[in-house]
Every structure is written in C-alpha cells, then in structure tokens.
Amino acid sequence: MRRVVVTGMGAVTPLGLDVASFWGGLLEGKSGVGFIEEFPTDKLRSDIAASVRGLDPASYLSRKETELFGRVAHFSVAAATEAMDQAGFGAWRAAGCPHPSQSDEAFAALDRPAVDPRRVGCLMSTGQGAVDIFEQQIEKSRERGPRAVSPFFIPSVMPNNPAAMVSMRYGLMGPSYGLSSACATGTHSIATCAMMILLGEADVMVAGGAEAATRLNTVAGFGNARALTMAFEGDPGRASRPFDADRRGFVMGEGAGVLVLEEEEHAKARGATILARVAGWGLTSDGTHLTSPHEDGLGLRAAIERALGRAEIAPEAIGYINPHATSTKLGDLAEVKALRDVFGDALATTPMSATKSMVGHLLGGAGAIESIAVVCSLRDQRLHPSINLDRLDEALAPLDVVTGGPRAAEVRYALKLSAGFGGHNCALVFERP
C-alpha cells in the first residue's frame with residue numbers, strides 16, 4: 001500500500017523567513033504581532049497584524065516578476081524554495097532563477113534526482129489571492145481610466161498564480177493548481193496532495209498555503225464583521241489569546257508554508273530524509289452558516305473521526321493537538337466541543353498549543369504553517385507553548401494547554417485541525433517517522 005511522507009518544509013512567517021526561525025520563535029514564545037504601519041488605521045476596528053518583515057523578493061524572483069506579482073507569490077516562491085532544497089530538488093530550479101544563498105557554482109554541483117517531472121505536482125493555494133495587486137490596479141483604473149490597467153493584471157491576481165510560479169520554477173509537470181477554502185486552504189492542500197499520491201496520480205507533490213491579505217480594505221471587512229481584535233491593554237503582542245477568557249477576536253497574519261509530500265518507498269529509493277508521515281485526513285463541511293461554525297462543532301468532529309479512521313488509530317493514540325484556535329468566542333468553543341465529543345475525558349490530559357497565539361491567523365496559509373509546527377514537534381519531541389493564556393475560559397475547561405515555555409513530550413501521532421469560513425473543515429494526523 002502506498003504511504004505518504006514529508007521530505008521537505010519551507011516557511012515565510014511573522015517570526016522569521018525560514019523553518020528554523022519560525023520554530024525557534026514558537027519555542028521561545030515570541031509574538032510576531034505588531035501595529036500596522038503600511039496604511040492608516042485610525043478609521044479601522046483593528047490596528048494590529050502579524051506581518052512578514054525583511055523578505056527581499058529579488059532574492060527569489062526576477063525584477064519583472066517582483067514588480068508584477070503580489071506578496072502572496074513572493075511568499076509562496078520563497079517558502080517553496082526552502083522546501084524543495086530540503087527535499088533534494090534544488091537542482092530542478094530553472095536556470096537564471098535567483099536563490100538567496102546559493103552561488104552558481106554550488107547550484108551547478110547539485111545532484112539532480114532521477115525523478116520523472118510528470119510525476120511531480122504542486123498545490124500552492126491561497127484563500128484571498130493577490131489583494132495588493134487588485135487594490136493597485138483598481139486604483140489605477142479609477143485615477144487614469146481602464147486603459148491604464150496592466151496587461152498582466154489577470155495572470156497576477158489569478159488564484160493559481162502561486163502554483164504556476166512554483167511549477168514553472170522547478171519544471172513540474174504533474175497535477176498543478178490552487179484550491180481555496182478560506183482558513184482551511186492550507187490543510188486542504190496537504191490532504192488533497194496526500195490523496196493524489198495515495199491514488200497514484202503523482203509520486204511527489206508540493207503542498208502549500210499562502211496569504212498576504214493584510215490590506216486596508218481586507219482589515220476593514222474583517223473588522224466590520226466584528227472578527228478582529230485590537231491591541232490588548234495597548235500591547236499588540238498580547239492580542240491573540242486562544243482559549244483565554246478575555247479573547248476578543250483574531251489577529252490577521254501573513255506568510256506561507258510549504259511541505260513536500262512524497263510516496264514513502266519513492267522517498268526511500270532516492271535516499272530522501274523522511275520528516276514525518278501523513279497518516280490520516282478528514283474533510284467535511286458544516287452545511288449551516290457562511291461565517292459561523294456549527295455551534296456543536298459537528299462538522300469538525302466528523303473530520304477528526306475520518307482522519308483517525310484513515311490513520312487506523314484510536315483517539316487515545318494522539319499525543320498532541322495543534323488546534324485551529326483562532327481566538328474568537330464562537331470558534332474556540334465549537335472546536336473544543338468537537339474535540340471533547342471525540343476524546344471524551346482524555347481531552348483534559350492531551351497536550352495542545354495554539355500556533356496562532358504567536359503568528360496570528362494566516363488565513364489560507366494557516367493550515368500549512370501550523371502543520372510545519374506539528375512536524376517540528378514530532379521531529380524534536382518538543383511542544384511549543386501557547387502564549388497569552390492568562391485565564392482559561394471556564395466554558396472550555398478542563399484542557400491541557402502548554403504554557404510557560406516548551407514541553408518535552410513523547411509523541412507518535414499528532415492532530416492538526418482547521419476550520420474556515422463557508423463551514424469548511426479539515427483534520428490531519430501526522431506520525432513520527
């Protein structure tokens with residue numbers, strides 16, 4: 001039977017521009033949330049975000065690509081570059097494509113894996129797309145008329161642009177597209193890629209999620225929907241508070257996460273390092289409301305049960321949970337109800353921690369970034385803490401939330417959850433290799 005493993009990871013996050021920086025920041029309990037500096041916030045309902053700082057797109061893209069394509073493409077290519085390097089596909093990078101640290105001589109010396117590119121695909125997905133380019137070109141049209149709109153407007157903002165950019169960069173000829181399911185986009189991409197490999201449609205898939213939607217109108221929209229929070233007692237770093245009694249909404253984040261998934265025997269045959277196994281997945285819908293979760297978490301519960309069933313394990317085999325945990329009143333409550341329905345009393349002693357407490361909510365990129373945190377947890381047998389949990393909401397108790405610093409743990413199976421607007425749910429089970 002075909003099995004799916006992780007052989008590469010790449011990250012661009014508010015805590016750093018690679019997996020090591022991201023994971024190190026999580027273990028330190030460091031917040032990537034700050035005040036928004038890119039546009040005025042005096043008329044908005046939120047003035048904070050978890051933004052990516054310091055990424056030079058010219059290190060990954062040509063000058064023309066950097067100018068034409070939005071930040072979501074910049075983040076996607078940067079994260080994919082790290083993941084493909086780690087997975088051993090760095091030599092597939094097209095000639096002339098920049099690399100942040102690799103000389104032409106080092107690139108020329110790389111071994112090229114003897115893998116059929118028709119068996120390698122990419123699902124690099126985004127929930128919102130190139131919001132910055134949309135705003136830019138619409139403003140051009142308003143000021144100077146429709147003839148001022150760039151002829152590259154459509155290819156720049158099409159949601160499949162990040163997948164196309166990654167596929168062209170590495171000459172990937174297998175299944176390649178993007179999907180969109182709001183905040184479940186990243187985990188849906190991973191699950192869909194795993195299914196493609198399991199069904200024999202590909203041997204290797206680049207699975208990722210990215211978002212760069214922290215723009216004035218997007219913040220206004222989420223804010224007017226009463227979904228966002230402000231700085232907590234004047235401190236933006238304390239604003240994202242999953243499970244806390246004083247949580248008041250989520251913090252928008254941005255970035256990208258990429259995992260290279262591969263059929264296990266295929267990975268072993270070429271000597272790739274196996275980081276984790278994707279043991280199970282479950283995809284469901286609530287079928288009730290466009291923006292609110294099912295109040296009893298029934299859709300998410302079904303996703304968890306399907307993921308456990310696919311992995312052929314009982315709930316008690318799960319040693320760590322990385323929840324969706326947006327820091328909204330309804331979302332956190334519905335998620336814990338779903339978990340308690342599946343785990344029963346054992347939930348009180350199953351460790352969990354919320355990545356969003358430090359990097360905010362990356363929307364379409366959240367599930368991918370948080371899955372990377374799960375793989376790092378399995379690799380290092382350490383669980384990152386949740387920050388800003390000063391007082392657990394009594395309606396959620398009892399829970400074993402990791403706080404106060406990282407925790408050593410012996411974990412074989414870990415559960416990752418995502419839930420998005422539209423009632424889209426996804427659960428993933430990762431296994432230590």
Side-chain angles (χ1 to χ4, degrees), residues 123 125-129 159-160 177-196 198-199 207 209 211 213 218 221-222 224-228 242-243 247 249-250 252 278-311 315 318 321-344 347 352 354 356 361-368 370-371 393 395-396 415-429:
L123 260 70
S125 304
T126 172
Q128 298 288 315
N160 59 304
Y177 59 94
L179 55 80
S180 181
S181 51
C183 313
T185 296
T187 40
H188 271 152
S189 290
I190 295 168
T192 302
C193 285
M195 285 189 281
M196 285 187 182
L198 192 68
L199 292 170
E211 210 72 88
T218 317
F222 277 122
N224 292 342
R226 308 288 180 171
L228 300 181
F243 305 138
R247 67 191 186 281
F250 75 84
M252 284 188 69
V278 185
W281 51 86
L283 297 80
T284 63
S285 295
D286 288 342
T288 53
H289 196 274
L290 191 62
T291 57
S292 295
H294 190 288
E295 62 180 5
D296 293 322
L298 295 187
L300 190 58
R301 170 186 172 175
I304 298 169
E305 291 171 339
R306 289 186 184 185
L308 294 173
R310 168 73 66 179
I318 296 293
I321 299 170
N322 187 292
H324 189 55
T326 60
S327 191
T328 61
K329 291 287 186 181
L330 294 178
D332 288 4
L333 181 59
E335 182 170 22
V336 170
K337 283 183 177 180
L339 285 165
R340 188 157 286 124
D341 282 347
V342 175
F343 286 85
L347 183 64
M352 66 172 65
K356 290 183 182 71
H361 192 346
L362 271 65
L363 307 176
E370 292 159 12
S371 292
D393 186 340
L396 308 177
L415 177 68
K416 169 69 211 134
L417 303 180
S418 292
F421 276 7
H424 308 304
N425 306 299
C426 187
L428 300 173
V429 174

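Atom CG of residue L428 and atom CZ of residue R310 lie 12.0 Å apart, to the nearest 0.5 angstrom. Put simply, OG on S418 and CD on E335 are 8.5 Å apart, with the number rounded to the nearest 0.5 Å. Distance CG/L363 to OG/S180: 10.5 Å, rounded to 0.5 Å. Taking CG of L300 as the reference point, atom CG of D286 lies at 7.5 Å (rounded to 0.5 Å). Taking NE2 from H424 and OG1 from T284, the interatomic distance works out to 10.5 Å, rounded to the nearest 0.5 Å. Atom CE in M252 sits 7.0 Å away from atom CG in L228 (nearest 0.5 Å).
Nearest heavy-atom pair across A307 and G282 is CB-N, 3.7 Å. Nearest heavy atoms, A303 versus A427: O-CB, 3.6 Å. Here the closest non-hydrogen pair linking G367 and I190 is O-CD1, 4.4 Å. Between A207 and C193 the shortest heavy-atom distance is CB-SG, 3.6 Å. Among all heavy-atom pairs drawn from A338 and G297, the shortest one is CB-O, 3.3 Å.
Between T192 and W281 there is no side-chain heavy-atom pair separated by less than 4.5 Å. Within the 4.5 Å cutoff, the side chain of L123 has heavy atoms near those of the L179 side chain. Residues T288 and L298 fail the side-chain proximity criterion, which asks for heavy atoms closer than 4.5 Å. Within the 4.5 Å cutoff, the side chain of V429 has heavy atoms near those of the L308 side chain.
In this structure a side-chain-to-backbone donor-acceptor pair under 3.5 Å is missing from K356 to T326. R247 contributes a side-chain N or O that, together with a main-chain N or O of T328, makes up a donor-acceptor pair within less than 3.5 Å. K416 places a side-chain N or O within donor-acceptor distance of the main-chain N or O of P323, the cut-off being under 3.5 Å. T187 contributes a side-chain N or O that, together with a main-chain N or O of A184, makes up a donor-acceptor pair within less than 3.5 Å. When atom types are taken as modelled, the side chain of E211 and the backbone of T126 share no donor-acceptor pair closer than 3.5 angstrom. Panel note: side chain Q128, backbone G364; no donor-acceptor pair is recorded below 3.5 Å. Side chain of T218 to main chain of A213: a donor-acceptor pair is present (N/O by atom type, distance under 3.5 Å, no hydrogens or angles). A donor-acceptor pair under 3.5 Å links the side-chain atoms of D332 to the main chain of S327, judged by distance alone. A donor-acceptor contact shorter than 3.5 Å is absent between the side chain of R301 and the backbone of L339.
Counted by atom type alone, S125 and S189 present one or more donor-acceptor pairs between their side chains at under 3.5 Å. Between the side chains of H188 and S181, at least one donor-acceptor pair of N or O atoms lies under 3.5 Å.
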task = I would like to know whether F243 and D393 meet side-chain contact (heavy atoms from CB on, under 4.5 Å); could you show each step before the answer?
result = CA-CA 6 Å; F243 305 138; D393 186 340; 5.9 Å; no

request  = Applying side-chain contact (heavy atoms from CB on, under 4.5 Å), run through L417 and N322 and close with a yes or a no.
outcome  = CA-CA 7 Å; L417 303 180; N322 187 292; over 6 Å; no

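Partners of F250 according to the ring pair (Phe, Tyr, Trp, His ring centres under 6.0 Å) rule, which considers only residues two or more places apart in sequence or in another chain, are F222, H361.
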